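First the proteins, then the strands, lettered A, B, ... as listed; each starts at 1. Predicted model only: the values in this text are computed from it and were never measured.
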Protein chains: 2
Amino acid sequence: MSEQRAAQVDGAVGAVGAGTPATDPAPRRRGIPDASVARLPLYLRSLHGLAEGGRTTVSSEALAAAAGVNSAKVRKDLSHLGSYGTRGVGYEVDELVHHISNALGLTQHWSVVLVGVGNLGHALAGYGGFASRGFQIAGLLDADRGRVGEQIAGLMVRHMDDLDEVVRGNGVSIGVIATPARAAQEVCDRLVGAGVTSILNFAPTVLQVPPGVDLRKVDLSMELQILSFHEHRKSAKGVPA
Amino acid sequence: MSEQRAAQVDGAVGAVGAGTPATDPAPRRRGIPDASVARLPLYLRSLHGLAEGGRTTVSSEALAAAAGVNSAKVRKDLSHLGSYGTRGVGYEVDELVHHISNALGLTQHWSVVLVGVGNLGHALAGYGGFASRGFQIAGLLDADRGRVGEQIAGLMVRHMDDLDEVVRGNGVSIGVIATPARAAQEVCDRLVGAGVTSILNFAPTVLQVPPGVDLRKVDLSMELQILSFHEHRKSAKGVPA
DNA sequence: ACGCGCTCGTGAACGCATTCACAAAGTCGA
DNA sequence: TCGACTTTGTGAATGCGTTCACGAGCGCGT
Ligand SMILES: NC(=O)c1ccc[n+]([C@@H]2O[C@H](COP(=O)([O-])OP(=O)(O)OC[C@H]3O[C@@H](n4cnc5c(N)ncnc54)[C@H](O)[C@@H]3O)[C@@H](O)[C@H]2O)c1
Ligand SMILES: NC(=O)c1ccc[n+]([C@@H]2O[C@H](COP(=O)([O-])OP(=O)(O)OC[C@H]3O[C@@H](n4cnc5c(N)ncnc54)[C@H](O)[C@@H]3O)[C@@H](O)[C@H]2O)c1
């Protein structure tokens, strides 16, 4: 299940400092396990839902139910952020939202550049879920001059040649790749060259990035094939060999 | 060398036995481990690339490099399918493609129904990666009658009321949800009711499915927030308190 | 004030996944 | 035919993540 779990961390980045200062007044923000980090956004979403429902406090059991996980997991995950629960009561929703947002770095806004404004790129560009979570699209880029100049969701598509300008001019640190697979590695290299240090890749191909750059991928075909496997197994089960 | 990483973790949300958490002693899976299954599509994609490049055999080392993983992992994963390698040589590309396809159930075509033909749904409907992997879209459905009748990629958008007909008439077993989050659970329930047993959810919400139904999710916002975490950590590192 | 009941936080057990390391098994050239 | 070389397949070691189980701490009612 977790699988997807979030895989392993990049060697260079993952090595959380030998002798980390850790003299923070607040929580121990030292090395939260990847698996926990991957669930924090889920808790955050669940908490927002609970807050809208009027809840001011929530127990690990209730939050676990909302997030669809085990309550012990919730408690252990949250314990990595510090001790913000009250025994006998639970967690204060607002406070928890604040601490999770803080841990995820969502207290600041992030600028994102989207490369490849085709079929998928259009959908992503128009997606409200970006802005509502603090991710601002600083630029839409495409190599096809026929697309340059097009307006999407209040933004104009610019040419790849403007990449450096867009990235440096807006302090962009996150890049999203929505180009065909064959162009993805080149685009990736250019993003890294321009200063992007986190990349989300939608193209179905394996990308190489230098140490220090984080890479995640979303691959629809792989998801379908995994479902296919389970379907296959299910149907085989009903039919005795 | 093999420092590739990046992973979608996500999770494979529940699978079998997700209903009531209380009673599940766990007579679980025998067979290929989930983590291995999740990589098979990756190997398949890499093998297709190698085949196009003219390779007829490939060693675990070479395949590992192409897929961005460790070679021992490749060998262990493939060993779950049987012993199809030749010591001293490697694996025959075509044969491996065949065996992996077989294990994943890709030797048959799967019919998919897509619910929610909005921003994202349009992109998915027009995505060639579906058909090329053996996933045929049997129907595009939407609750908005204003969208019904629209033609996308050779398919006409139909109303949700036709769900049962589409599913039963085409032997659909996989459903894709691309509706707003608030509608997702209802859509999910209707899909399950119509006979769908595998669901891929793009809506940012936790879905409940009965035992026997597989559920996977793709959540863009969560991916961005995970990247945000790492960015945050990186920048904090450079600025000692 | 004080005990009762509830829930957090966490040590420990467990299980799965990854990686190592190497014998077995095959190829290939001479 | 044979021996050197290559690569698989897999036991064993290691590490990570999940889950259990329970003591510690806190609020509340009396
Ligand atoms: N459409 C989907 O629903 C979907 C789903 C999952 C994955 N994907 C993947 O996402 C990617 C994009 O899919 P799509 O359907 O939008 O394809 P598309 O062909 O519609 O769009 C690709 C865009 O990338 C641009 N592009 C090409 N080379 C470029 C370069 N070197 N630099 C900058 N821009 C470049 C093209 O001009 C085009 O606008 C593909 O890799 C596809 O496999 C798409
Ligand atoms: N657009 C993106 O790039 C993107 C990215 C990631 C996730 N998502 C998620 O995917 C989902 C769809 O996003 P979108 O941008 O396409 O939204 P959208 O509003 O453009 O499209 C939603 C579609 O679902 C239809 N719909 C609503 N209720 C329905 C119901 N009960 N039954 C059937 N159809 C129904 C609507 O008529 C509409 O056509 C959302 O949950 C969104 O959060 C979107």
Side-chain angles (χ1 to χ4, degrees), chain A residues 1-9 11 14-16 27-28 31-40 43 56-65 67-93 95-96 99, chain B residues 1-5 7 9-15 17 21-22 24-40 43 56-65 67-93 95-96 99:
Chain A
M1 340 225 141
S2 45
E3 124 217 72
Q4 211 151 98
R5 12 199 122 285
Q8 58 281 44
V9 184
V16 179
R28 44 167 140 159
I32 304 176
D34 284 348
S36 288
V37 171
R39 283 187 294 267
L40 293 181
Y43 300 149
T56 58
T57 63
V58 64
S59 68
S60 62
E61 200 70 52
L63 180 52
V69 302
N70 181 297
S71 68
K73 204 182 281 189
V74 169
R75 289 197 299 278
K76 185 143 286 195
D77 286 343
L78 295 183
S79 75
H80 292 300
L81 309 182
S83 288
Y84 299 122
T86 303
R87 292 162 138 99
V89 177
Y91 302 88
E92 193 145 351
V93 174
E95 194 187 347
L96 208 46
H99 286 301
Chain B
M1 318 217 168
S2 49
E3 308 294 354
Q4 169 75 27
R5 127 219 170 78
V9 184
D10 106 68
V13 185
D24 195 8
R28 279 266 163 132
R29 58 207 82 206
R30 54 204 74 259
I32 308 176
D34 283 348
S36 288
V37 170
R39 283 186 294 266
L40 293 181
Y43 299 149
T56 58
T57 62
V58 64
S59 67
S60 61
E61 200 70 52
L63 179 53
V69 301
N70 181 297
S71 68
K73 203 182 281 186
V74 168
R75 290 197 297 279
K76 186 143 286 195
D77 286 344
L78 295 183
S79 75
H80 292 300
L81 309 182
S83 286
Y84 299 122
T86 304
R87 289 161 195 247
V89 177
Y91 303 87
E92 193 145 351
V93 174
E95 194 187 348
L96 208 46
H99 286 300

Given D:dG17, D:dT10, C:dT10, the nucleotide with the shortest approach to the side chain of A:Ala35: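 Nearest nucleotide to the side chain: D:dG17.
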From the list C:dG9, D:dG27, C:dT7, which nucleotide is the closest neighbour of the side chain of A:Ser83?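 The closest nucleotide is C:dG9.
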Quick check: closest heavy atoms across [X] and [Y], and the distance to 0.1 Å?
X: B:Leu63; Y: B:Val58; result: N-CG2, 3.6 Å
X: A:Asp77; Y: A:Arg39; result: OD2-NE, 2.6 Å
X: B:Tyr43; Y: B:Ala67; result: CD2-CB, 3.9 Å

With heavy-atom distances below 4.5 Å as the criterion, would you say the side chains of B:Pro33 and B:His80 are in contact?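 They are in side-chain contact.
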Is the distance from OP1 or OP2 of [N] to the nearest side-chain N or O of [X] less than 4.0 Å?
X: A:Asn70; N: D:dG17; answer: no
X: A:Ser60; N: C:dC8; answer: yes
X: B:Arg39; N: C:dT18; answer: yes
X: B:Tyr91; N: D:dG9; answer: yes

Starting at atom [atom1] of [X], determine the distance to atom [atom2] of [N], rounded to an integer number of angstrom.
X: A:Leu63; N: C:dT7; atom1: CG; atom2: P; value: 14 Å
X: B:Glu61; N: C:dC20; atom1: CD; atom2: P; value: 11 Å
X: B:Asp77; N: C:dC16; atom1: CG; atom2: C1'; value: 13 Å
X: B:Arg87; N: D:dG9; atom1: CZ; atom2: C1'; value: 5 Å
X: B:Leu78; N: C:dT18; atom1: CG; atom2: P; value: 13 Å
X: B:Lys73; N: D:dG9; atom1: NZ; atom2: P; value: 18 Å
X: A:His80; N: D:dC16; atom1: NE2; atom2: P; value: 12 Å
X: A:Arg75; N: D:dC20; atom1: CZ; atom2: P; value: 10 Å

I want to confirm an ordering. Mapping A:Pro33 and A:Gly88 to their closest nucleotides on DNA chain D, which one lands closer to the 5' end?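 With A:Pro33 and A:Gly88 compared, the 5'-side residue is A:Pro33.
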Start at the 5' end of DNA chain D and walk down; is the nucleotide closest to A:Ser36 or to B:Ala72 reached first?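 Nearer the 5' end of the strand: B:Ala72.
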Rounded to the nearest 0.5 Å, how far apart are CG of B:Leu96 and CG of B:Leu40?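 Going from the CG atom of B:Leu96 to the CG atom of B:Leu40 covers 9.5 Å.
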Once hydrogens and angles are ignored, does a donor-acceptor distance under 3.5 Å link the base of D:dT10 to the side chain of B:Lys76?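 No, no donor-acceptor pair under 3.5 Å.
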